[in-house]
Amino acid sequence: MILNAQAPSTRFASSTLTGGLSPVTDLQGIWIDENQNRHVVPFNYFDREEMELTRAFDLPGYRDLQDTLFLYCEAIAWSSEIQLNGRLLAVTDDPFAEHLLPIQKEWLDSTGNHLKIKMSTKGLSFPWYPKRFLGIFRQILLLQVDSMPRFPKFPSTVAHATHAVMFAPWTASTQFLHDSSIVRQLGDGLFSFPYDVPVAFPFRPSNESLAILGALGWKILANPADADSLAIYNAFPFSNAAGHKNLHFWRDAEMRPARAYGIYQSQASISNPELGKPNKTGLVIFLIIPIFCMLLLKLLAPRAYGSLGEYITKTKIYLELIADNKFLKLEQRWLMNGLRMVLTATTLTLFLYYIDLSESWKMLNLISGHSVLYDALYGEEMQLGKIFLYAFGIIVCLNLAKYVMFNGIGTVFRVFSLGSTIQNLDVFASFPTNLIPILPASFIFFLDPGVGGIVLRVWALLFILYGARRVWLIYSGMGRLYQISGSLKILYICTLEILPWVILI
């Protein structure tokens, strides 16, 4: 499909990068993807990870074009490869950066030109907006040098500021496509504004937004991190995906100045925000769960309960009992495995609840770009019960899948106790040290940020110690129970003990 591109269909908004250039062809409008579906540029999608778009166009005035032209892409997300008539022009990794790409006239034809852009959600991350998306969400044009250059009034830029106001043009409805309308709304004089304070943005604003601020005579702070303190000025409703639910915004749901109007927050308080108000009743219930589990174990399996201390000091003896299938009976094995899953889900629930209250979602996705828990829970209304049911369901499904798999393997290779042996080893490798990571949660939610940060590091250390002990016991236990090579033991640990948590977290 060839689209006849004449004069731009929208007004060209220039920047400091494109000052003195004028449009030849506006490349917005209808693009075709790899499945021959149509997409209208500008756009942005949050539900896709890859996309390839093509814009075919003619140049009726080709003979009068200058020898050097410029392809101007104001913003392409998230990362992209840009090709023109089969020639690679650029590879981008910053969704909010401008790209001015020189093009020789001889690379073009009067008809049948093809501009292809391959997009993916890989690339840089942004602390103020971590959710990745795809889209050509601002201007994309073919430019040439203007015979009568005109330069708009651009806002001056400062490198550092004691105070700065950050415009947050994120809302659930407009996202990034119409940030200029939000900037116009925020700066239209409804509220008084300290003009001697520069304006910052969480990401580069559009050229149209910069022109608005330039006309108003405001200054721009290039990087919000270069301000000692910030006040956040937003349109409502702001998107949950913007993060930092406890930031003090200047406008409420009724479009009135909020309580925090004119209040600046230090960079330290923004980067290490205080915990939101916890559900104290729910926390008390969750902290009673370990006690209830231990009481249930003492009532239903008193011998196993009395032997918990020996699991740490007499590992060889108990590994031999597991090897002889004399460790736990069927009922005790399922009981203790059920309690193990409950305790693991409790620990995971408290961890996720802390992440939500502190808005420290960067603690997830440390290894994988899109962890299961991040994608499922980020931006959702977080309640302790809901988090627990979600975490417990995942843990139960993972463990049952593992046991079913080993029962199948045992049946095929006539090792009929394989599934029960793995269950016994799971119990032995967990109890009683799986109780320890729950202990800091008894007070971490009620501490001030400074002390809470220290306790959080202790909590992380306990997780590491518990995980290291569990891996070591499973490694040594597999070697004692079955005469298998070290590489197979490492493969088992990596695929069934470590990989699921990498995917989850």
Side-chain angles (χ1 to χ4, degrees), residues 31 33-35 37 39-54 73-83 90-99 116-140 166-179 182 200-206 209 223-225 232 234-235 237-245 247 270-271 352 355-356 358-382 502-505:
W31 290 56
D33 69 12
E34 63 273 22
N35 298 317
N37 297 316
H39 303 266
V40 179
V41 173
F43 72 90
N44 58 272
Y45 296 144
F46 286 85
D47 56 351
R48 300 187 64 168
E49 294 187 355
E50 291 184 347
M51 177 182 287
E52 181 178 302
L53 291 179
T54 301
C73 309
E74 188 178 354
I76 298 177
W78 196 263
S79 61
S80 69
E81 292 182 8
I82 304 173
Q83 299 180 22
V91 177
T92 73
D93 62 359
D94 185 342
F96 300 104
E98 297 177 281
H99 298 282
K116 180 185 293 185
I117 297 180
K118 299 179 181 179
M119 294 176 289
S120 74
T121 52
K122 299 177 182 178
L124 300 176
S125 60
F126 291 81
W128 291 99
Y129 197 94
K131 187 173 180 62
R132 297 166 185 256
F133 61 96
L134 294 182
I136 305 172
F137 59 100
R138 289 176 183 166
Q139 300 175 108
I140 179 166
M166 186 166 76
F167 276 4
W170 47 49
T171 68
S173 58
T174 58
Q175 299 296 350
F176 308 103
L177 295 183
H178 310 293
D179 70 320
I182 300 174
F201 287 85
F203 38 77
R204 183 191 175 276
S206 65
S209 296
N223 187 350
I232 315 298
N234 76 305
F238 63 91
S239 171
N240 285 334
H244 293 290
K245 284 191 295 188
L247 285 180
I270 293 175
S271 59
L352 292 173
I355 285 177
D356 183 62
S358 65
E359 278 299 318
S360 302
W361 286 94
K362 61 184 179 181
M363 296 173 67
L364 297 179
N365 295 353
L366 291 177
I367 300 176
S368 58
H370 291 277
S371 66
V372 171
L373 293 176
Y374 178 89
D375 290 339
L377 300 176
Y378 183 52
E380 298 292 328
E381 184 179 355
M382 302 285 278
V502 171
I503 296 174
L504 283 175
I505 298 179

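We're numbering straight along the sequence, starting at 1.
Taking the salt bridge (charged side-chain N to carboxylate O under 4.0 Å, His left out) definition, one finds that E49 meets it with nothing, sequence neighbours left out. Residues passing the side-chain hydrogen bond (donor to acceptor under 3.5 Å, both in side chains) test with E98 are S15, Y72, R204, sequence neighbours excluded.
For N35 (side chain) and N37 (main-chain N/O), no donor-acceptor pair under 3.5 Å exists by modelled atom type. The main-chain N or O of E52 is found under 3.5 Å from a side-chain atom of E34 such that the two form a donor-acceptor pair. A donor-acceptor contact shorter than 3.5 Å links the side chain of S79 to the backbone of K122.
Using bins of under 30°, 30° to 60° and over 60° for the plane-to-plane angle, the ring pair F133/F46 lands in the tilted bin.
Expressed to the nearest 0.5 Å, how far CD of Q139 lies from CD of E74 amounts to 4.5 Å. The CD1 atom of I117 lies 4.0 Å from the CD1 atom of I136; values are rounded to the nearest 0.5 Å. One finds the CD1 atom of I82 at 6.5 Å from the CD1 atom of I140 (value rounded to the nearest 0.5 Å). Atom OG of residue S120 and atom CG of residue L134 lie 7.5 Å apart, to the nearest 0.5 angstrom. Taking CD of E50 as the start and CG of D33 as the end, the distance is 13.0 Å to the nearest 0.5 Å. Taken from CZ in R138 to CG in N44, the straight-line distance is 10.0 Å, to the nearest 0.5 Å.
Scanning both residues, M119 and S80, for their nearest heavy atoms gives CG-CB, 4.1 Å.
Among W31, F137, Y45, the one residue that satisfies the ring-ring contact (aromatic ring centres under 6.0 Å, His included) test with H39 is Y45.
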